[in-house]
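Numbered from 1 within each chain, the chains take letters A, B, ... in sequence-line order.
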Amino acid sequence: MRFSKLFGKTLRQAPAEADSISHQLLVRAGMVDQIATGVYSYLPSGWRTLRKIERIVRQEMDRAGGQELSMPSLQPVELWDLSGRHEAFGKTLFTFKDRKEHTLVLGPTHEEVVTELVHRHLQSYKELPLLLYQIQNKFRDEPRPRGGLLRVREFIMKDLYSFDADLAGLDRSYKKMIEAYNNIYRRCGLPAVMVEADSGAIGGKDSHEFMLIAETGEDEIIRCHNCGYTANAEKAEVRKTPSAAEEPLPIQEISTPGVTSIADLARLLNMPESKTLKAVMYMADGNHVLSVIRGDMDVNEVKLKNMLKCADLRMATDEDLKGTGIVAGYASPVGLKGVKVVADESIMMGNNFVAGANRRDTHLKNVNYPRDFQIDIMGDIARAKAGHECPRCGHVFLTSRGIEVGHVFKLGTFLSEKLGAYFLDENGEQRPCIMGCYGIGLGRLLAAAVEQNHDEKGIIWPLPIAPHQVYLCPLFLDNTEVASEVERVYNEMVKQGIEVLYDDRVESAGIKFNDADLLGLPIRVTVSPRTLKSKSAEFKLRAKGESELVPLGEIANRVKQEIAAAADT
RNA sequence: CGGGGCGUAGCGCAGUCUGGUUAGCGCGCCACGUUCGGGACGUGGAGGCCGGUGGUUCGAAUCCACUCGCCCCGACCA
């Protein structure tokens, strides 16, 4: 490819609306273009990278026994009513009416369609396990697209759906996919960390996410470096250590003017935060719910939501608090009536707590459960943090940030039952398929790759997914010797099947080198009067500082050697 | 949906508060010339419905109303 003919120019400055680093660099490198909020075109070099990722994904899906198919993006809304997910998805679902006033959905995912498909075509257990996948555009009217390609409304996704006869089969399919996913990320040069994840209200038992570690990631990952336990902070278990037990003392009011936070309270009373109780009011599907947890921990809203089995959960506003008897900053379950109370187990690990008094500027000392207040539900609603102890081995947790680049679920049978994906087993009995689903957002993976692999000059592509492998960079192209030698090198590389971007512009060294760094192609080969003095070209890796001179006759082989080395990892 | 910000040339911006010739600047683009191993320079050019609609006014990029779009924070994101 000749640079002068490549559609998609490099930009010195990123558009003002590009905020995330990957968005800025992908736009500046001429790889993507935004047409509306969360809607992007892939320009030729961006599309090349996307297709390289896609190819690796496809190969691994096929290798794991997947069969590729294509399913419609236009889906009848009835399918979504049947599965019950029309409501669950809510406004995220793009819907519209056709000319006959019939409502259609732009598919945000294809579980419904694939289950319907299986319903019609699957008959016997002998056809199981069945692994079907597609690589297609999906549509979600996200409340807030953001971060360039990281969260968009139209995106290319690989989704595989597994159908098994029994739970053991599902486990096998699930394991196979995890293996395939690890292969994919490794082959892309983007090693991802698998973490335990929340499966959401509709998910089944197990769920794992694959995270690309990056400073800018929006997910927090909990890691134990001792036993290897890793989980999304939303999901992570927490070991709660009991504080020393004391004789319960009589409850006592104390004056705490202006003290509305746990930190201030602990400081004022000169006691650890674990001696306090934290109470936070939420609205769950419109109903008041008071959460109570020991003061040294925070409420994990995902866990709380799962426990309440509610569709909508948000923190209560001052308006919501009116008439409940709760006073913001001094909230407490003590003496509270008519409000559902959910508590974390940690409130049983300790006693003589300081809690709010539901009165301004007042707290209560020596509050003990269950002596002083009652609760409706007890469970784990704590959010894991760095410094907490690992529930498996007791080692101290570390945290890092990551970008979710894959998600696998064990779905179970709720969809196959609703949509009728049954089969006949050995005994002639009708049973629902046990399903799993396994997704990778290709565009997000591409963006995450940039988010993770860049420097102040530009992108640093891992070789397997770089749009081109080589940036061929002649200097002083108006010099006839340079022109003829570089042309020869270019033709030789093309002949050898090397993917080379040939910068055939008559531009200064600075411009070319800066564009080379911005585009981030893994190998840069420079030909100039200087290198030609020793009948050589300069060979340099984007990821490394040093360069070497390689004789012109050997440069193509040197490049091939490098490519082969990257393919082995 | 709540809060904040922004729409002027392909990109980055000034001009708007305080209305008044032909709407500017840098980068990029085109032509010619001199340079050039880390974003050189000269000369000459092309490029604008000042997001849209309606109003106020002798006169609107500028004031008012409505509207559309984009970005950020939050809510949300099976």
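Nearest to the side-chain atoms of Glu17(A) among the listed nucleotides rA78(B), rG28(B), rC71(B) stands rC71(B). For Asn514(A), taking side-chain heavy atoms from C-beta onward, the closest of the listed nucleotides rG38(B), rC77(B), rG12(B) is rG38(B). The nucleotide whose nearest atom lies closest to any side-chain atom of Glu111(A) is, among rC29(B), rA78(B), rC76(B), rA78(B). In this structure, the nucleotide among rG39(B), rG38(B), rG12(B) sitting nearest to the side chain of Arg12(A) is rG39(B). You'll find that the side chain of Arg314(A) is closest to rA75(B), out of rA75(B), rC70(B), rG38(B). For Ser508(A), whose side chain is taken as the heavy atoms from C-beta onward, the closest listed nucleotide among rC71(B), rA78(B), rA40(B) is rA40(B). In this structure, of rC72(B), rG38(B), rG39(B), it is rC72(B) that holds the atom nearest to the side chain of Asp19(A). Across rG38(B), rC13(B), rC72(B), the shortest atom-to-atom separation from the side chain of Phe513(A) is found for rG38(B). The listed nucleotides are rC70(B), rG39(B), rC77(B); the one nearest the side chain of Gln34(A) is rC70(B). Which of rA75(B), rG38(B), rG12(B) sits closest to the side chain of Lys457(A) comes down to rG38(B).
Using Watson-Crick or G-U wobble geometry with both donor-acceptor distances under 3.5 Å, rG48(B) finds no partner in any strand shown. Figure legend. rC36(B) is base-paired to no nucleotide; pairs are counted as Watson-Crick or G-U wobble with both atom distances under 3.5 Å. rU57(B) makes up no base pair with any nucleotide shown, lacking Watson-Crick or G-U wobble contacts both under 3.5 Å. In this structure, rC76(B) forms no base pair with any nucleotide, since neither Watson-Crick nor G-U wobble geometry is met with both distances under 3.5 Å. Remark: rG19(B) base-pairs with no nucleotide in the shown strands. Criterion, Watson-Crick or G-U wobble with two distances under 3.5 Å. Pair check for rC13(B) finds rG24(B); Watson-Crick or G-U wobble, both atom distances under 3.5 Å. Within the shown strands, nothing qualifies as a pairing partner of rU62(B) under the Watson-Crick or G-U definition with both distances less than 3.5 Å.
Per the geometry, CZ belonging to Arg530(A) stands 13 Å off P belonging to rC36(B), to the nearest Å. The distance between atom CE of Met283(A) and atom C1' of rC1(B), rounded to the nearest whole Å, is 16 Å. Between the CD1 atom of Ile35(A) and the C1' atom of rG51(B) there is a distance of 15 Å, rounded to whole Å. Taking atom CD on Glu507(A) and atom C1' on rC30(B), their separation rounds to 13 Å, with Å as the unit. When rounded to the nearest whole Å, the span between CD of Gln24(A) and C1' of rC11(B) equals 13 Å. Spacing between atom CD1 of Ile511(A) and atom P of rC36(B) amounts to 15 Å, rounded to whole angstrom units. Nucleotide rC76(B) holds its P atom 11 Å from the CG atom of Leu304(A), rounded to whole Å. Between the CZ atom of Arg144(A) and the P atom of rG69(B) there is a distance of 17 Å, given to the nearest Å.
Counting only distance, with no hydrogens or angles, the side chain of Asp264(A) and the backbone of Thr260(A) share no donor-acceptor pair below 3.5 Å.
Applying the 3.5 Å distance criterion, the base of rC36(B) shares a donor-acceptor pair with the side chain of Asp478(A). At a cut-off of 3.5 angstrom, the base of rA78(B) holds at least one donor-acceptor pair with the side chain of Arg85(A). Judged by distance alone, with hydrogens and angles left aside, Arg28(A) brings no side-chain donor or acceptor close enough to the base of rG12(B) to form a pair under 3.5 Å.
Taking every heavy atom of both residues into account, Phe513(A) and Cys473(A) meet most closely at CE2-SG, 3.8 Å.
Between the C1' atoms of rG51(B) and rC70(B), the separation comes to 10 Å (whole Å). Atom C1' of rU22(B) sits at a distance of 38 Å from the matching atom of rG4(B), rounded to the whole Å. Annotation: rG15(B) and rC76(B) have their C1' atoms spaced 40 Å apart (nearest Å). Taking atom P on both rC77(B) and rG12(B), the two are 33 Å apart, rounded to the nearest angstrom. Separation of the P atoms belonging to rU67(B) and rC73(B) is 26 Å when rounded to the nearest angstrom. Across the C1' atoms, rA61(B) and rU57(B) are found 16 Å apart, a figure rounded to whole Å. Here, rC29(B) and rA46(B) have their C1' atoms 8 Å apart, quoted to the whole Å. For the C1' atom pair drawn from rA31(B) and rC50(B), the interatomic distance equals 30 Å after rounding to whole Å.
With Tyr282(A) as the partner, the side-chain hydrogen bond (donor to acceptor under 3.5 Å, both in side chains) test is satisfied by one option alone out of Glu301(A), His288(A), Arg314(A): Glu301(A).
At a threshold of 4.0 angstrom between heavy atoms, the contacts of Asp141(A) with the nucleic acid are absent. Using a 4.0 Å heavy-atom criterion, one finds that Gly30(A) contacts no nucleic acid atom at all. When heavy atoms are screened at a 4.0 angstrom cut-off, Lys512(A) is found touching no nucleic acid atom at all. Contacts of Ala18(A) with the nucleic acid, taken as non-hydrogen atoms under 4.0 Å apart, are absent. Ser528(A) comes within 4.0 angstrom of a base, heavy atoms only. Residue Leu313(A) is in sugar-phosphate contact alone, with no base atom involved, counting any heavy-atom pair closer than 4.0 Å across all strands shown. Contact annotation for Arg524(A): base contact, defined as any heavy-atom pair under 4.0 Å involving a base atom.
Taking the ring axis of Phe3(A) as reference, the NZ or CZ atom of Arg505(A) stays within 45° of it and closer than 6.0 Å to the ring centre. Cation-pi contact between Lys410(A) and Tyr174(A): present, with separation from the ring centre below 6.0 Å and deviation from the ring axis of at most 45°. With a 6.0 Å cutoff to the six-membered ring centre and a 45° limit on the axis angle, Arg558(A) counts as a cation-pi contact of Phe539(A).
Crowding of Lys385(A) atom NZ: a count of heavy atoms from other residues, nucleotides or ligands under 6.0 Å exceeding 12.
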Leu25(A) and Leu518(A): CA distance, side-chain angles, deciding distance, side chain to side chain contact (heavy atoms under 4.5 Å, CB included) verdict:
CA-CA 7 Å; Leu25(A) 290 175; Leu518(A) 173 60; 3.9 Å; yes
Chi angles and distances behind the side chain to side chain contact (heavy atoms under 4.5 Å, CB included) call for Met493(A), Val489(A)
CA-CA 6 Å; Met493(A) 286 183 176; Val489(A) 169; 3.8 Å; yes
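Heavy-atom distances to RNA chain B give each of His23(A) and Met315(A) a nearest nucleotide, and the one nearer the 5′ end belongs to His23(A). Heavy-atom nearest nucleotides on RNA chain B were determined for Arg151(A) and for Ala14(A), and the one closer to the 5' end corresponds to Ala14(A).
For the OP1/OP2 pair of rA78(B) and a distance below 4.0 Å, the side-chain nitrogens and oxygens of Lys138(A) include no atom meeting the criterion.
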